[in-house]
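The structure appears below as structure tokens.
Order of the sequence lines fixes the chain letters, A, B, ..., with proteins taken first and strands second; residue numbering starts at 1 for each chain.
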Number of protein chains: 2
Amino acid sequence: MAEPTRPMRRQEIRRENEKTILVAAEKVFAEAGFGGATMQLIADLAGLPKANLHYYFATKEELYRSVVQNIFEIWLQAANCFDAARGPIDGISAYIDAKMEISRRHPDGSKVWASEVMHGAPVLQDYMESTLREWTDGRVEIIRRWIEEAKMDPVDPRHLLYMLWATTQHYADFGHQIETLNGGKPLSDRQWREAKENIKRVILTGIGALPA
Amino acid sequence: MAEPTRPMRRQEIRRENEKTILVAAEKVFAEAGFGGATMQLIADLAGLPKANLHYYFATKEELYRSVVQNIFEIWLQAANCFDAARGPIDGISAYIDAKMEISRRHPDGSKVWASEVMHGAPVLQDYMESTLREWTDGRVEIIRRWIEEAKMDPVDPRHLLYMLWATTQHYADFGHQIETLNGGKPLSDRQWREAKENIKRVILTGIGALPA
DNA sequence: TTACAGCTTGACCGTATGGTCAGCTTTTAA
DNA sequence: TTAAAAGCTGACCATACGGTCAAGCTGTAA
């Protein structure tokens with residue numbers, strides 16, 4: 001755009017094209033599902049010939065796997081909020097904020113992830129049985145400690161985690177439904193803030209971390 | 001099975017075949033998504049020739065629409081729990097029970113519904129803009145009254161509803177993830193009961209309907 | 001018994017899709 | 001300057017899919 005056809009570095013070309021393709025793919029996979037997505041659709045959205053996609057990603061499955069792994073990384077990063085926290089108020093608040101931000105900024109990625117899990121996690125089974133399980137076990141331990149230290153009521157840590165996942169993820173996966181019920185308009189900044197505050201208040205109060 | 005080829009009534013034939021096809025279709029759509037599902041797969045699972053499916057359901061879209069409408073009916077029925085209730089404890093408890101029962105008994109239907117909404121509700125848009133909106137507005141009004149009557153804290157009714165939907169639906173849509181984290185085994189009767197109780201306690205306490 | 005309507009199905013068709021490839025252009029490094 | 005490596009792409013292919021249809025079968029009602 002700026003410079004008239006400055007020669008691109010190999011590295012740049014690769015990085016840029018892979019990025020372009022991944023962004024397009026994420027959107028198409030989110031909108032149509034794996035089965036409904038076509039390489040042609042992704043290529044059109046990326047503004048590249050279909051054969052070019054196959055140069056960077058040998059198969060549709062490989063491209064899909066890349067998209068799913070990408071969002072999984074983001075998802076795991078949000079996990080860190082949990083660690084440094086001194087108690088449930090800090091930790092869970094930060095986690096809800098982080099997950100809601102993901103739902104807002106990466107709704108397509110969230111949908112792809114949800115779709116993947118819903119269909120039995122054909123490509124992510126390994127991750128789920130290793131990384132995800134470890135992560136979950138770690139947080140369960142943290143929550144258990146909070147309960148021992150009387151920082152919250154004795155709530156089953158796993159079901160609490162599911163509740164956090166479900167509630168935050170819902171704003172991405174069911175965003176269309178929420179939008180429809182919101183008069184066809186996306187949630188405003190204010191509404192997102194209210195959503196976060198409601199979730200935090202109900203859950204933190206519900207587990208006895210905040211005074212009722 | 002019982003009688004050796006007793007001649008079937010026309011009505012019976014139709015009802016039975018439609019039922020068989022719908023059951024098979026629900027499963028295949030849930031597992032593969034609309035795009036990934038094939039009429040052949042559904043036919044095989046139903047134990048009928050593919051051409052026979054097209055006799056009862058002209059197109060894949062029509063079959064899909066029937067499946068989605070079916071689950072939507074069930075979904076709406078659970079709504080009634082809300083109505084007769086005298087307060088949030090009764091109403092929300094019953095609703096959580098009903099929705100969790102749906103997640104347990106109709107996980108495939110739940111997934112199809114989730115998938116449909118995630119992909120922008122191409123066939124259900126009308127329902128969402130009429131039936132679902134009316135239903136939602138009605139419950140919002142009920143919750144608002146409960147708040148006025150000081151039966152619960154002033155929580156935003158919409159975000160509370162989303163929380164109920166999300167949390168209960170999660171056990172169907174992300175059932176595979178939950179199962180994986182449960183050591184590869186489905187939740188037991190006891191675990192389902194614990195799930196329900198945890199959700200109820202956290203939410204009802206969180207909205208100030210139960211004493212902390 | 002018969003004639004008709006509804007049900008069944010193997011064979012078939014057009015199309016769209018994932019994937020391939022040969023030949024071209026551009027970058028790179030010596 | 002040059003030759004190899006990397007990137008690009010139009011044309012092509014085999015397959016699988018949704019859908020059709022004509023011919024046969026079966027329940028129904030007179």
Side-chain angles (χ1 to χ4, degrees), chain A residues 1 3-29 31-68 112 119 122-123, chain B residues 2-29 31-68 112 119 122-123:
Chain A
M1 296 290 182
E3 320 233 348
T5 51
R6 172 181 55 90
M8 271 203 198
R9 296 271 165 86
R10 280 269 151 82
Q11 222 184 347
E12 272 183 280
I13 294 175
R14 186 160 264 277
R15 197 166 18 89
E16 218 163 273
N17 279 343
E18 283 180 351
K19 180 76 184 172
T20 306
I21 294 168
L22 284 171
V23 168
E26 182 176 279
K27 183 160 189 183
V28 173
F29 282 131
E31 281 173 1
F34 178 80
T38 71
M39 294 299 269
Q40 190 61 63
L41 229 60
I42 297 171
D44 291 348
L45 187 60
L48 293 170
K50 190 183 67 154
N52 208 351
L53 300 213
H54 280 101
Y55 176 73
Y56 287 102
F57 300 91
T59 66
K60 191 182 171 188
E61 275 81 5
E62 190 183 315
L63 175 54
Y64 175 74
R65 174 173 292 116
S66 295
V67 170
V68 172
V112 175
H119 298 136
V123 329
Chain B
E3 319 235 347
T5 51
R6 172 183 53 91
M8 271 203 199
R9 296 272 165 85
R10 279 272 148 82
Q11 222 184 348
E12 271 183 280
I13 293 175
R14 185 160 265 276
R15 197 167 18 89
E16 216 164 275
N17 279 343
E18 283 181 350
K19 181 76 185 172
T20 306
I21 294 168
L22 283 170
V23 168
E26 182 176 280
K27 183 160 189 184
V28 173
F29 282 132
E31 281 173 1
F34 178 80
T38 71
M39 294 297 270
Q40 190 60 64
L41 230 60
I42 297 171
D44 291 348
L45 188 60
L48 293 171
K50 190 182 66 153
N52 209 349
L53 299 213
H54 281 101
Y55 175 74
Y56 288 101
F57 300 91
T59 66
K60 190 183 171 187
E61 275 81 4
E62 190 184 315
L63 175 53
Y64 175 73
R65 173 172 293 115
S66 296
V67 170
V68 172
V112 175
H119 298 137
V123 330

Could you check how far CZ of B/Phe57 sits from P of D/dT20, rounded to whole Å?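 Atom CZ in B/Phe57 sits about 16 Å away from atom P in D/dT20.
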
Atom-pair distance (CD on B/Glu18; P on C/dG6), nearest Å: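 About 14 Å, once rounded to whole Å.
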
Could you write out each protein N or O paired with an N or O of nucleotides 5-8 of chain D at a distance under 3.5 Å?
unit_1: D/dA6; atom_1: O4'; unit_2: A/Arg10; atom_2: NH1; d: 3.1
unit_1: D/dG7; atom_1: OP1; unit_2: A/Arg14; atom_2: NE; d: 3.2
unit_1: D/dG7; atom_1: OP2; unit_2: A/Arg14; atom_2: NH2; d: 3.2
unit_1: D/dG7; atom_1: OP2; unit_2: A/Tyr55; atom_2: OH; d: 2.5
unit_1: D/dG7; atom_1: O5'; unit_2: A/Tyr55; atom_2: OH; d: 3.3
unit_1: D/dC8; atom_1: OP1; unit_2: A/Asn17; atom_2: ND2; d: 3.0
unit_1: D/dC8; atom_1: OP2; unit_2: A/Asn17; atom_2: ND2; d: 3.3
unit_1: D/dC8; atom_1: OP2; unit_2: A/Asn52; atom_2: OD1; d: 3.4
unit_1: D/dC8; atom_1: OP2; unit_2: A/Tyr56; atom_2: OH; d: 2.5

Does some side-chain heavy atom of B/Lys27 sit less than 4.5 Å from a side-chain heavy atom of B/Val23?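 No; the side chains remain at least 4.5 Å from each other.
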
Within the 4.5 Å heavy-atom criterion, are B/Met39 and B/Leu63 side-chain neighbours or not?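 Yes, side chains in contact.
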
Inter-residue atom distance A/Gln11.CD - A/Glu16.CD, 0.5 Å rounding: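 Spacing of CD (A/Gln11) from CD (A/Glu16) equals 12.0 Å.
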
Looking at every heavy atom in both B/Phe34 and B/Lys60, which two are closest together, and how far apart are they?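 Minimum heavy-atom contact is O-NZ, 2.8 Å.
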
Minimum heavy-atom separation for A/Val112 and A/Glu26, please, with both atom names.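 What the structure gives for the nearest pair is CG2-O, 3.7 Å.
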
Return the set of residues passing side chain to side chain donor-acceptor pair (under 3.5 Å) with B/Glu18 (not counting sequence neighbours), or none when no residue passes.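 Only B/Arg14 meet the side chain to side chain donor-acceptor pair (under 3.5 Å) criterion with B/Glu18.
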
Partners passing side chain to side chain donor-acceptor pair (under 3.5 Å) against B/Arg15 (at least two apart in sequence or in another chain):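 None.
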
Taking only nitrogen or oxygen atoms into account, show me every contact under 3.5 Å that the protein makes with nucleotides 17-19 of chain C, one pair per line with its distance.
unit_1: C/dG18; atom_1: OP1; unit_2: A/Ala37; atom_2: O; d: 3.1
unit_1: C/dG18; atom_1: OP1; unit_2: A/Lys60; atom_2: NZ; d: 3.2
unit_1: C/dG18; atom_1: OP2; unit_2: A/Met39; atom_2: N; d: 2.9
unit_1: C/dG18; atom_1: N7; unit_2: A/Lys50; atom_2: NZ; d: 3.0
unit_1: C/dG19; atom_1: OP2; unit_2: A/Lys60; atom_2: N; d: 2.7
unit_1: C/dG19; atom_1: N7; unit_2: A/Lys50; atom_2: NZ; d: 3.0
unit_1: C/dG19; atom_1: O6; unit_2: A/Lys50; atom_2: NZ; d: 2.8

Using atom names, set out every protein N or O paired with an N or O of nucleotides 13-15 of chain D below 3.5 Å, distance rounded to 0.1 Å.
none

Mind listing the side-chain donor-acceptor pairs of residues 42-58 of chain B below 3.5 Å, one per line with the distance, residues two or more places apart or on another chain?
unit_1: B/Asp44; atom_1: OD1; unit_2: B/Gln40; atom_2: NE2; d: 3.1
unit_1: B/Tyr56; atom_1: OH; unit_2: B/Asn17; atom_2: ND2; d: 3.2

